[in-house]
Amino acid sequence: MWSNRGQVAISGVGFSEVGRSAERPLGLLARTAIEAAVADCGLTLADIDGIATYPDPPFAGAPRIDGGSMVSAAYVISNILPGPINWFTEVASGFIPGAFEEATNALLAGACRYAVVWRAVHRPAGTYGRVESKGVGGDGQFAGPFGVASPVQWHALTLRRYTERYGDPRMALGTQAVIQRDNAQANEFAYFNDKPITLDDYLASRVVVDPLRLLDCDIPVQACTAVVLTTADRARDLNTPPAYVAGFGQNPIRRPDLVHYTQHDYYESGRALADILWRHSGIGPSEVSVAELYDGFSPSLLYWLEAAGFCPAGEGAAFILDGHTRRDGDLPVNTHGGSLSQGRLHGMGHIAEAALQVSGRAGDRQVADCAVACMFEGSPMQRGSGLVLTREP
Amino acid sequence: MKQEAEDTGHQDGPRRPLPVVDEVSAPFWEHCRDHRLAVQRCQECGRYQHPPRPTCSACQSDALAFEVVSGTATLRSWAVVRHKTLVAGFEPAVPYVVLLAELCEQGDLLFVSDLPVGELPDDGEKSLRIGAELTVSFLDYEGYGLPRFRPAQS
């Protein structure tokens with residue numbers, strides 16, 4: 001078990017508005033979110049001396065416009081925080097949990113006192129993720145010429161294999177989509193918080209890439225989410241109950257980085273990550289109160305539920321249909337609406353919700369007696385990362 | 001085993017993104033231009049790998065060479081793109097099948113292919129069964145040979 005378990009905590013959570021169009025530049029949304037997270041725990045911007053982010057625009061090939069399509073550490077130093085900043089980093093691996101992990105380690109090392117971790121996602125005009133290239137390099141050169149460039153296509157290929165192996169899970173996927181949309185109605189910062197859906201709506205939603213439907217896909221948004229992390233002793237002096245960091249992990253499995261990233265065995269890959277996370281935190285799946293599982297595409301929920309050990313392999317659909325993942329079930333999943341209904345905050349929405357739940361601050365979404373929250377990022381067959389937060393250190 | 005002859009091509013087909021060839025992938029595309037499917041193989045441990053890399057992902061050797069393979073494969077999975085504007089240039093092709101071919105030489109050798117719905121065999125989407133036999137053919141396109149897999153004719 002990690003010797004620093006419970007020594008770092010999330011103390012503040014902040015959101016910008018969550019919208020579909022770039023009414024304000026992303027840099028201003030980042031300022032809103034960071035100011036909100038800092039104010040949430042009673043600090044001032046001048047208290048923040050450490051920052052970390054995963055800065056990349058949320059889909060491959062997007063232009064890099066600092067303050068426009070992304071918000072880098074340099075931007076935050078120059079345009080948001082008064083400083084002085086003693087520590088900062090940007091990560092590539094692990095996505096936003098990777099930045100979270102770096103900030104945790106920096107706090108433990110004494111490199112900074114109060115750290116902000118943020119994720120800013122841009123939604124450009126036009127078709128999201130549309131690939132507009134005359135030429136494709138890197139591993140994409142083996143896929144682009146054949147009209148394959150978008151994650152929705154890769155995930156459709158994976159879902160078909162899952163279906164072949166375990167049966168068609170669409171009723172469960174639709175059930176979960178409805179559960180999460182219902183959860184989003186109680187979330188001020190969810191894009192679809194005024195638009196409930198039914199299972200019939202899900203089944204009628206148009207096919208994007210067969211077998212994936214529109215309501216199987218997350219909703220791209222323009223938003224920023226930020227959290228404040230600090231050491232546990234400092235956290236206890238602030239005005240919010242801490243959400244303690246019990247463990248984290250990145251998936252280190254040795255496998256070729258195929259362009260066909262979703263074709264790796266999700267169960268084998270996800271188990272490798274989950275084993276690390278549960279060992280690191282000393283917590284097992286049966287002790288988890290709420291699970292915030294990345295849902296860029298709804299089938300990822302099946303893969304995470306199984307690979308993390310919440311149910312046996314192949315039984316994710318039955319697990320959902322049996323009601324376990326409802327907000328009143330024994331393992332509520334994506335209590336904030338998830339990427340499907342809150343919006344594609346790229347995992348930061350899941351981390352924020354996990355923190356709010358274990359600190360008892362999730363309002364109408366609050367799960368009773370929420371002692372342990374886990375968060376898994378990405379999809380298990382890609383690589384993924386994760387963390388565990390607890391109510392007690 | 002002789003690989004299939006070329007595609008008949010499609011003047012009305014998609015405007016395809018072209019491969020940006022690098023020094024590691026160059027031999028692959030040179031073979032393709034001559035209508036040969038060749039895959040990088042480690043000369044020490046014998047494992048194939050694709051996409052090609054400077055070292056073997058199984059044993060880390062740098063003794064790699066491209067070897068021509070049979071061109072036969074089985075269908076790992078498939079999907080049908082129905083959203084019009086996903087990949088620029090492919091609008092006229094929608095709906096089109098995207099499929100993953102698993103080379104018979106080694107189970108983790110995966111190749112992406114596209115296939116117009118109209119080019120499926122007579123039994124249409126029924127020919128798309130996971131495990132179905134596929135064969136390769138080459139489309140000559142803008143100076144490149146593009147290897148494409150389709151269900152083998154029975």
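Proteins come first, then strands; the chains are lettered A, B, ... in the order of their sequence lines, and each starts at number 1. Everything numeric here is computed off the predicted structure, so don't read it as measured data.
In this structure, the separation between CG on B:Leu100 and CZ on A:Phe146 is 12.0 Å, given to the nearest 0.5 Å. With rounding to the nearest 0.5 Å, the separation of CD in B:Glu142 from NZ in A:Lys134 is 7.5 Å. Distance check: A:Phe142 CZ to B:Ser113 OG gives 14.0 Å after rounding to the nearest 0.5 Å.
Of the listed residues (B:Val94, B:Leu115, B:Val81, B:Val97), the one with the most heavy-atom contacts under 4.5 Å to chain A is B:Val81. Annotation: maximal heavy-atom pairing with chain B below 4.5 Å, among A:Pro211, A:Ala156, A:Pro145, occurs at A:Pro145. For chain A, the option among B:Trp78, B:Phe28, B:Tyr96 with the highest count of heavy-atom pairs below 4.5 Å is B:Trp78.
Under the 4.5 Å side-chain criterion, counting only non-hydrogen atoms from C-beta, A:Gln141 is not in contact with B:Leu18. Residues B:Ile130 and A:Arg161 form a side-chain contact, since some pair of their non-hydrogen atoms from C-beta on lies under 4.5 Å apart.
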Using side chain to side chain contact (heavy atoms under 4.5 Å, CB included), reason through B:Leu86 and A:Val209 one step at a time and then give a plain yes or no. CA-CA 10 Å; B:Leu86 212 52; A:Val209 180; 3.8 Å; yes
Under the side chain to side chain contact (heavy atoms under 4.5 Å, CB included) criterion, do A:Asp139 and B:Arg53 qualify, and how do the steps go? CA-CA 10 Å; A:Asp139 286 349; B:Arg53 292 279 186 264; 2.8 Å; yes
Yes or no on side chain to side chain contact (heavy atoms under 4.5 Å, CB included) for A:Val207 and B:His83, after CA distance, side-chain angles and deciding distance? CA-CA 8 Å; A:Val207 174; B:His83 188 75; over 6 Å; no
Starting from the C-alpha separation in whole Å, work towards a yes-or-no answer on side chain to side chain contact (heavy atoms under 4.5 Å, CB included) for B:Arg82 and A:Asp210. CA-CA 7 Å; B:Arg82 299 195 184 279; A:Asp210 196 307; 4.2 Å; yes
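Between B:Ser77 and A:Arg160, the shortest heavy-atom contact is OG-CB, 3.5 Å. Closest approach of B:Val112 and A:Ala143 over heavy atoms only: CG2-CB, 4.2 Å.
Other residues, nucleotides and ligands place more than 12 heavy atoms under 6.0 Å from the CZ atom of A:Arg206. Within 6.0 Å of CD on B:Gln60 lie more than 12 heavy atoms contributed by other residues, nucleotides or ligands.
Neither the backbone nor the side chain of B:Pro95 has a heavy atom closer than 4.5 Å to any heavy atom of chain A.
Scored by the salt bridge (Lys or Arg N to Asp or Glu O under 4.0 Å) test, A:Arg213 finds no partners at all (sequence neighbours excluded). By the salt bridge (Lys or Arg N to Asp or Glu O under 4.0 Å) test, B:Arg129 pairs with no residue at all, sequence neighbours left out.
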